[in-house]
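These notes concern the structure reproduced below.
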Amino acid sequence: MREVVVAGAAAAGKTTVCNALTPWLQAHRWGRGLRLLDTPGLDDWPAADPGQRRLQVQAIHRLQTVPLFLHVVDASRTGAVGEAAAVDRELAVWGRNKPGYAVLATHMDGPWAATGLRVIQRALNPYRLIPVVAPAAQGLGAICYFLRRQA
Amino acid sequence: MAAGDWAALLEAGEISPVEALRRARLRADEPPHPAPPEGTGGGRHGRSAESSRATGRPGRDPQAEKAAEQARRVEAVLAELDALVGLAAVKRMVREIRAFVQVQQQRAQAGLLSRQTALHMAFTGHPGTGKTTVARLLGRLLKEIEVLPRGHMVEVERADLVGEYIGHTAQRTREVVRRAVGGVLFLDEAYSLARGGEKDFGRECIDGLVRSMEEHRDELVVILAGYPREMDWLVDQNPGLRSRIAIWIHFPDYSPAELVEISRRMLERWQYRLAPEAAVFLAERLRSGEMDLSGEFGNARGVRNLLEKALRCQAVRLTDRHAPPAVELMTVTRSDLEVAVAQLRVRDNNRFSLLA
């Protein structure tokens, strides 16, 4: 069973992507060999809840060991702010050292998302950038294609 | 640092996940058995280079070691310069100066004729565009590449130079130059020296300064700073000054995106953070041009004033709370920024052209 870490800032849409993607993976034999690891949001500041902090430590340990990494970035928020969050820039550096790394730009149906996509492309410069609207299942095919090539 | 330290610190809530990620990554990048730092001669353990030779370690060329150490220090200064937001042209210019000076030194070593150019400069730009910061870095850089012996910066303005009676100005100017020799003399708002008219002592000061620029050309760098147009006017008043200023560097106003980045770094340094909706609000305000922070009345200093005001608003908001958690002490909300903007608008209505 190969693991895929899904990580990113808080409220970027990691769980939504995981929930939407799981049935797609289950539909294929290669997909059933993959397990998505949903992680808690990593922020630019310490979390107030100790349980949350413990989960964040586990998430970073997972990131260190698992070679497949889906980095979820909220394109709408990034576009509104006009720059990539510090955590996303750091995660992009992590991603560059992974054999399988893709950035999923979520909330593409939100305001400022198109700007956000350009900001993400410029700031994070990932090998693979996939625009996603998870509730509408847009972009999930591209994620599956990416994962299949890695699997 | 011991392995896994970041995990303990993150779990205790002492560092942010971003910092933990950075530390974990740097740890992973380190070689498994890090070599002792070069150039220290094992100084941490109180061992001299001689004793290390006695233990059978290969001897090192002290000159090569010194050059490597110097290169490291130069790179450290340049890295600090690169860390400044924007200022691409300024950074290029500083690198040009560094390259030129180094090549001249190498030419001199090779027995070729080397041009001894004075490095007096004029920095033009609006307030808060980073002139003083760059001047300070430049002083350090020139020290590291052995152009200046000390590399310190003496920052003066008209009041420090111009005296109150005949003969006083020359004496004060000489005193300031004496303090600055070996480093950088940074003269802010230099054009004010020529403003007073024919009988003003400022002219006497300029003459004294021009003389010192020539006398100490190898051990003093004079940087005149001010608004672009006024600086042009200043050098027109004194042709000797124009011919002695070899390098003109213009500091452009920051773009709204750069101002957002500056505000983010400032808050990070002060251990504050913007709540996501506050970041959106600030970016929108800066980008929409409603708040004219660029130009004459703002840039980085304008952003700093705004943020400082917002921090005070946050403090007022938290006064009534009993022992607020660390997260709240760190967070600046959208309402704090809104109050700060509104108050600045009332106070400086002529400075900030906000939409009603």
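So that the names make sense, note that chain A is the first sequence line, chain B the second, and so on, each numbered from 1.
Side-chain contact check for A/N19 and A/T16: no donor-acceptor pair (N or O, by modelled atom type) lies under 3.5 Å.
Rounding to the nearest 0.5 angstrom, the gap separating the CD atom in B/Q314 from the OG1 atom in B/T333 is 7.5 Å.
Contacts of A/L55 with chain B are absent, with no heavy-atom separation under 4.5 Å from either backbone or side chain. Of the two parts of A/Q56, the backbone and the side chain both hold a non-hydrogen atom closer than 4.5 Å to a non-hydrogen atom of chain B. For a residue to count as touching a neighbouring chain, one of its non-hydrogen atoms must lie under 4.5 Å from one of that chain's; by this rule B/R273 touches chain A with the side chain only. Heavy atoms of B/V327 lying under 4.5 Å from chain A belong exclusively to its side chain. Contact annotation for B/A326: neither backbone nor side-chain heavy atoms come within less than 4.5 Å of a heavy atom of chain A. Contact of B/I15 with chain A is made through the backbone alone, with heavy-atom distances under 4.5 Å.
Among A/W94, A/Y101, A/Y127, A/F146, the one residue that satisfies the ring-ring contact (aromatic ring centres under 6.0 Å, His included) test with A/F69 is A/Y101.
The heavy-atom pair separating B/A340 from B/L306 by the smallest distance is CB-O, 4.1 Å.
Listed options B/L274, B/L21, B/T331 were ranked by heavy-atom pairs under 4.5 angstrom with chain A; first place goes to B/L21. Comparing B/E19, B/E11, B/E261 by how many heavy-atom pairs each has under 4.5 Å with chain A, the most go to B/E11.
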* To do: Please test B/R317 against B/D336 for salt bridge (Lys or Arg N to Asp or Glu O under 4.0 Å), starting from the C-alpha separation and ending with a verdict.
  => CA-CA 8 Å; B/R317 178 170 56 81; B/D336 297 332; 2.9 Å; yes
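Residues B/L137 and B/L84 meet the side-chain proximity criterion, which asks for heavy atoms closer than 4.5 Å.
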